[in-house]
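By convention in this document, chain letters (A, B, ...) are assigned in the order of the sequence lines, proteins followed by strands, and residues within each chain are numbered from 1. The figures here come from the full heavy-atom set of this structure, side chains too, leaving out hydrogens, waters and symmetry mates.
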Number of protein chains: 2
Amino acid sequence: MISERTIGRLSLYRRLLRDLLADGEKSIFSHQLAAMAGGTAAQVRRDIMAIGYSGSPVHGYDLEQLLKSIGHYLDAAQTQNVALVGVGNLGRALLAYFVGRHPTLSVVAAFDSDPVKANRVIHGCRCYPLEDVKAIVRERDIRLGIVAVPAPEAQAVANALCQAGVKGLLNFAPLRLWVPEHVYVENLDVTMSLEKVAFFARQGEFERDTTE
Amino acid sequence: MISERTIGRLSLYRRLLRDLLADGEKSIFSHQLAAMAGGTAAQVRRDIMAIGYSGSPVHGYDLEQLLKSIGHYLDAAQTQNVALVGVGNLGRALLAYFVGRHPTLSVVAAFDSDPVKANRVIHGCRCYPLEDVKAIVRERDIRLGIVAVPAPEAQAVANALCQAGVKGLLNFAPLRLWVPEHVYVENLDVTMSLEKVAFFARQGEFERDTTE
DNA sequence: TAATCTCTGTGATAACATTCACAGCGTTAA
DNA sequence: TTAACGCTGTGAATGTTATCACAGAGATTA
C-alpha cells in the first residue's frame, strides 16, 4: 500500500508538471522536480517508483507520460462528485475555487441550514437545504463531502453525509469527526496551521545555527 | 526539540480542552482526550510530557493547569501580529474567521494588488495596496504572513513578506515557496487534500477488511 | 573501442514517530 | 493493614518515512 504522504506529494507534482508542460517543457529530472516541490531527488524517484512509472537515466521523466501515470494512479475512472456543506465565507470561497475548475472532481451540490441560502446558485453551484443531503447525495451519486460548517454542527453534518453513503470527507472544523470505519477523513485545520507557523517562526528566531 | 506533529496536536488539544472547561469539567484522563482528538492515550501522554506538564494518576490532568501549560509553551509572551496577502474569496473568509477571534494571534493588516480593495476595511481589517507591505509590516511589527493569492503571484508575495522581516508563512498556494533559511513555511493545499480524500475514499471502497 | 559522465532504480541504513508494556503510586475497599 | 485498582510517566520495541549510496545503462567524448 502506498503512503499517505506520497499521495499528497504526487498531487503536488502533478500540478507542477502541468505548468511545465504548458510552458513547452518535454521532460524533467528528479532533482529538478525535487527543487520545485521542496523535497529531495531520492524522494521524488521513490514516489514515482511507487506508481510504477520509469524514467530514463538520460532524459529523465517524460512529462506527458508521467502525468498520465500519476493521473491513472490518483484519479477514478470517471469524475467523482463532491458535496459541500456549509455555505458561509469559507464554503463560498471553496465553491469559487473548485466549481468547474478541477478535471476529475466536481462539486455538484452545496447545502446549508440557513433557508435563505437554499435554492440559490452560488458560484455556479446549486444550494439545497440541509435536510436534502441524503436524497441528493444518493441521487447524484456523490462519494465525497466537504465539511465547512462551524464546529458545533460538524459532527451532525458528518453523520448525515456518511449515512447518505459518502466515502470520504474533507473536514475544516477544528475537531476530529467520528465516522464509520471505511470512511476516510482528511482534516484541514487552519487555526492549527497558523498556530504552528506562529510557534516555529518564534523558534527560528532564536535557534541561529545551533549546530545541536 | 519538539516535533512538528506534536505541536499540531497540542493546538488541537487546547481547543478541545477549552470546550470542556466551558462545559464545567475540571479534569480529564489521557484516554478521554485521545478519544476526542482521534489518537491513542499513550500519544496524548507523550505530547503532554513534551511540554513538561504532569498529571496525577488519580485525577488525570487538571484542565486549567494543562491549558496554562500548553499556552505557555505554544504562545509568545505577547500577541503576535499577522498580515494577510490576497483579499479574494479565500482571503475574505480567513479575515472573517480570524479577525478578533484568536486570543494571541491578531491579523492587523491585509494587502491586495487590486486598488479597488485597498484602503477599505473588510471584516474589521484594514486593507492596503500591495506596495505598502514592507512599510506596514515593519511599522506594525508583523512576524507572520498568510499567502492567499493565486499561485503565479505567490512567490513574489512571499519575497516581499520575507524582505519585510516576516518569520513565518502560512501558504495556500499550490506550490512550494522559496524563502530564507530561517523562515518557517506551512503549506495548506486544499486541492491536494481533496485529491487525497478522493483517492483514499476510493481505496476504502475495495479494501474490505483485507487482513493486511 | 574504451573511458567518462550523469542520471535512474533500489537495497540498505538512518531518522523519526508511535505504540507497547510495566513500574510506581495515590486511592479505595475489605 | 493489606490487597486490588486504574492511572501516569517513560524505557524499550516497533512501525513508518526519508535518505544514502551505488550498481547499471544509455549517451558523449577521445
Exercise for the section: Verify the contact: side-chain N or O of B:R45 to OP1 or OP2 of C:dC22, cut-off strictly under 4.0 Å; return yes or no. Expected result: no
*Using a 4.5 Å cut-off on heavy atoms from C-beta on, say whether the side chain of B:I2 contacts that of B:I7.*
yes
Atom CD of A:Q43 and atom C1' of D:dA21 are separated, to the nearest Å, by 17 Å
Atom CD1 of B:I7 and atom P of C:dA17 are separated, to the nearest Å, by 11 Å
To the nearest angstrom, the CD-P distance between A:Q32 and C:dT6 comes to 14 Å
Ranking D:dT8, C:dT19, D:dC20 by distance to the side chain of A:A42, first place goes to D:dC20
What residues 49-59 of chain B contributes to the DNA chain C interface at heavy-atom separation below 4.0 Å is B:P57, B:V58
Between CZ of B:R9 and C1' of C:dA17 the distance, given in whole Å, is 8 Å
Taken to the nearest 0.5 Å, the spacing of B:N89 CG from A:L95 CG works out to 9.5 Å
In whole angstroms, the gap separating C1' of D:dG6 from NE2 of B:H31 amounts to 8 Å
Problem set entry | Any B:T40 side-chain N or O less than 4.0 Å from OP1/OP2 of C:dT19 | yes
Are the side chains of B:L94 and B:L84 in touch, meaning some heavy atoms are under 4.5 Å apart?
yes
Problem set entry | Distance test, side-chain N/O of A:S30 to OP1/OP2 of C:dT8, below 4.0 Å | yes
For this session: Take B:N171 and B:N187, measure what side chain to side chain donor-acceptor pair (under 3.5 Å) needs, and give me the verdict at the end.
Result: CA-CA 5 Å; B:N171 172 42; B:N187 294 290; 2.8 Å; yes
Rounded to whole Å, the CZ-P distance (A:R5 to D:dT16) equals 13 Å
Test side-chain contact (heavy atoms from CB on, under 4.5 Å), reference A:I70, set A:L17, A:I48, A:D47, output is A:L17
To the nearest angstrom, the CG-C1' distance between A:D62 and C:dC7 comes to 16 Å
Check B:D75 with B:R14, please: is the shortest side-chain N to carboxylate O separation under 4.0 Å? yes
Atom CG of B:D47 and atom C1' of D:dT10 are separated, to the nearest Å, by 14 Å
* With distance as the sole criterion, do the side chain of B:R46 and the base of C:dT18 form a donor-acceptor contact below 3.5 Å? -> no
**Q.** Close side-chain approach of A:L10 to A:L74, heavy-atom, < 4.5 Å
**A.** yes
